[in-house]
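To keep things clear, I will list the structure first and then write my remarks on it.
A note on names: the letters A, B, ... follow the listed sequences, proteins ahead of strands, and every chain is numbered from 1.
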Number of protein chains: 2
Amino acid sequence: MAKTPIKAVRPDQAEPVPGDRRRNREVKREAVLAAAVSAFNEKGFRAASLDDVAARLGVTKPTIYHYARNKDEILFDCVKRGLEIILEAIAALPQDKRLGRDRLEAAMTGYAFAMTQDFCRCVTRTADTDLAEPSRKEFRKLKRHIDDVMRGLVQAGMDDGSLRAGDARIVTFTLTGALNWIGRWYEPTGQLSRDAVTSGVVATLMAGLSSGV
Amino acid sequence: MAKTPIKAVRPDQAEPVPGDRRRNREVKREAVLAAAVSAFNEKGFRAASLDDVAARLGVTKPTIYHYARNKDEILFDCVKRGLEIILEAIAALPQDKRLGRDRLEAAMTGYAFAMTQDFCRCVTRTADTDLAEPSRKEFRKLKRHIDDVMRGLVQAGMDDGSLRAGDARIVTFTLTGALNWIGRWYEPTGQLSRDAVTSGVVATLMAGLSSGV
DNA sequence: ACGTTTCTATACTCGTGAGTAAGTTTAGAG
DNA sequence: CTCTAAACTTACTCACGAGTATAGAAACGT
């Protein structure tokens with residue numbers, strides 16, 4: 001007997017309209033990714049088995065293969081989703097007219113906030129080596145693109161004088177490092193709120209540690 | 001036939017004094033750790049097999065078990081070594097008499113420099129979940145201790161007014177994040193020197209991104 | 001109602017890598 | 001020149017987890 005089919009988890013549209021099978025499938029695939037990203041973040045990609053993921057859904061492993069080709073594809077889709085969230089948060093800034101400093105601050109705020117979410121946390125916890133070759137290259141490419149956007153903002157701010165002069169590469173690595181690291185230590189269940197973390201980190205990076213005395 | 005025993009790699013004392021077997025053993029164990037940390041950094045702990053490590057030494061897997069209990073112990077010894085390097089670099093600062101800001105800057109400089117070295121890079125690349133239970137707890141404890149020392153310096157600086165006021169926890173995570181991340185992007189073979197990276201990152205964190213204009 | 005497709009389960013295969021058993025060579029002690 | 005312990009080897013075992021073959025149940029189109 002079929003025990004518990006994947007519950008189409010979506011608070012907003014709890015009643016899976018019986019007219020559309022296509023839609024239902026995507027909702028379920030979504031549920032697979034959500035379960036996977038949570039398992040990966042908790043146990044690490046390699047340590048989390050697909051049996052684990054299936055168990056979280058109240059389902060058996062082969063069912064997962066109905067929604068994804070293999071484990072590699074699942075991880076890739078997770079990190080891709082995370083990278084897209086980050087990219088969305090910063091994509092508009094390069095075209096903005098404000099000072100480089102203000103644009104960078106806006107970008108960092110969006111970036112930092114994004115890092116408190118599951119898919120983005122998965123990005124920082126995932127090493128290139130976890131992915132197999134076709135996806136690994138794409139993963140690198142997407143990360144690289146985000147770094148390039150950030151570096152562009154840094155450079156623009158240095159050019160218009162609103163940011164301290166310096167080696168744009170190193171400065172960018174410094175700030176993306178601090179931002180990415182959020183995904184490693186932030187716990188949604190902890191006592192620090194998303195907003196407190198976001199504004200705290202951004203303020204520290206913008207103003208620096210020294211009081212200037 | 002015994003092919004190639006572990007070469008006692010140690011430029012400084014290439015001639016393994018034939019009088020002391022004990023010493024030789026430690027030199028070789030050292031070689032095992034060096035090969036392991038390099039394999040782990042390159043392929044990731046889980047993906048790097050002990051056969052890989054053995055191959056790098058021109059030796060077979062069982063030989064490794066002559067120098068270590070198991071894979072877990074090897075990883076733990078690697079990260080422990082890394083954490084000790086970091087700790088040594090910052091341990092003296094809390095007892096120092098200078099302003100908090102200057103002590104923190106000194107600590108960050110040592111920390112950043114440490115992060116360009118193999119054992120420390122292994123620390124940032126290793127997730128708690130890679131270790132089995134006895135070592136995992138110890139690993140967390142050691143990391144925690146380093147964080148505490150850093151936070152203490154931050155707090156001291158805030159107290160004496162040499163550092164900007166703020167939430168010491170968040171500020172500390174921000175800076176250790178940027179420092180730890182060095183271990184993820186820095187490549188010894190790249191064009192950036194250790195010193196350039198160290199001073200660049202520290203300067204950025206101390207002064208902040210904004211030019212203040 | 002009926003055949004077809006979708007969804008899910010049970011019950012495998014198969015590769016890989018950690019760890020071991022047992023025997024062989026090497027090197028130092030007497 | 002032995003004899004013994006240390007250092008390595010070859011040749012396994014064994015568990016675990018990715019992925020598959022096959023079949024049964026549910027849902028949809030007509």
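- Distance OH (B:Tyr67) to P (C:dG19): 18 Å, rounded to an integer number of Å.
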Hey, what are the protein-to-nucleotides 13-16 of chain C N/O distances that come in under 3.5 Å?
none

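- Between the side chain of A:Asp147 and the backbone N or O of A:Arg144, no donor-acceptor pair lies under 3.5 Å.
- Note on B:His66: a side-chain N or O is less than 4.0 Å away from OP1 or OP2 of D:dA7.
- Across residues 34-49 of chain B, not one residue has a non-hydrogen atom less than 4.0 Å from an atom of DNA chain D.
- Rounded to whole Å, atom C1' of D:dA26 lies 10 Å from atom NZ of A:Lys28.
- More than 12 heavy atoms of other shown residues, nucleotides or ligands fall within 6.0 angstrom of atom NZ in B:Lys143.
- Using modelled atom types, one finds a donor on one side chain and an acceptor on the other under 3.5 Å when comparing B:Ser135 with B:Asp72.
- Between B:Asp52 atom CG and C:dA18 atom P the separation is 8 Å, expressed in whole Å.
- The main-chain N or O of A:Arg101 is never found under 3.5 Å from a side-chain atom of A:Glu105 such that the two would form a donor-acceptor pair.
- Taking the screw axis at each terminus of the helix from C:dA1-D:dT30 to C:dG30-D:dC1 from five consecutive base pairs, the angle between the two is 10° to within rounding of 10 degrees.
- A:Gln155 places no side-chain N or O within donor-acceptor distance of the main-chain N or O of A:Arg151, the cut-off being under 3.5 Å.
- If you measure from atom CG of A:Leu57 to atom P of C:dA9, you get 10 Å, rounded to the nearest angstrom.
- Not one side-chain nitrogen or oxygen of A:Thr60 sits closer than 4.0 Å to the OP1 or OP2 atom of C:dT8.
- Side-chain atoms of B:Ser38 do not come within 3.5 Å of backbone N or O of B:Ala34 as any donor-acceptor pair.
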Protein-nucleotides 19-21 of chain D N/O pairs under 3.5 Å:
from   : atom 1 : to      : atom 2 : distance (Å)
D:dG19 : OP2    : A:Tyr65 : OH     : 3.1
D:dG19 : OP2    : A:Lys71 : N      : 2.9
D:dG19 : O5'    : A:Tyr65 : OH     : 3.4
D:dG19 : N7     : A:Lys61 : NZ     : 3.0
D:dG19 : O6     : A:Lys61 : NZ     : 3.2

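- For the pair A:Arg29 and A:Tyr67, the cation-pi test (distance below 6.0 Å, angle within 45°) is failed.
- We find that CD1 of A:Ile64 is positioned 12 Å from C1' of D:dG17, with the value rounded to whole Å.
- Among pairs with a residue in residues 169-192 of chain B, those fulfilling salt bridge (Lys or Arg N to Asp or Glu O under 4.0 Å) read B:Arg121-B:Glu187, B:Asp167-B:Arg169, at least two apart in sequence or across chains.
- Rounded to an integer number of Å, the gap from B:Asn24 CG to D:dA6 C1' is 11 Å.
- For the pairing with A:Asp128, the salt bridge (Lys or Arg N to Asp or Glu O under 4.0 Å) check across A:Arg136, A:Lys141, A:Arg140 returns one residue only, A:Arg140.
- With hydrogens and angles ignored, the 3.5 Å screen pairs no side-chain donor or acceptor of A:Arg194 with any backbone N or O of A:Phe113.
- OP1 and OP2 of D:dA6 both lie 4.0 Å or more from every side-chain N or O belonging to B:Arg25.
- In the model, B:Asn180 has a side-chain atom that pairs as donor or acceptor with a side-chain atom of B:Tyr111 under 3.5 Å.
- Between the side chain of B:Asn41 and the main chain of B:Asp118, a donor-acceptor pair closer than 3.5 Å is present.
- Sorted by first and then second residue, the ring pair (Phe, Tyr, Trp, His ring centres under 6.0 Å) pairs involving residues 27-53 of chain A (not counting sequence neighbours) are A:Phe40-A:Phe45.
- No side-chain donor-acceptor contact under 3.5 Å links A:Thr63 to the backbone of A:Val59.
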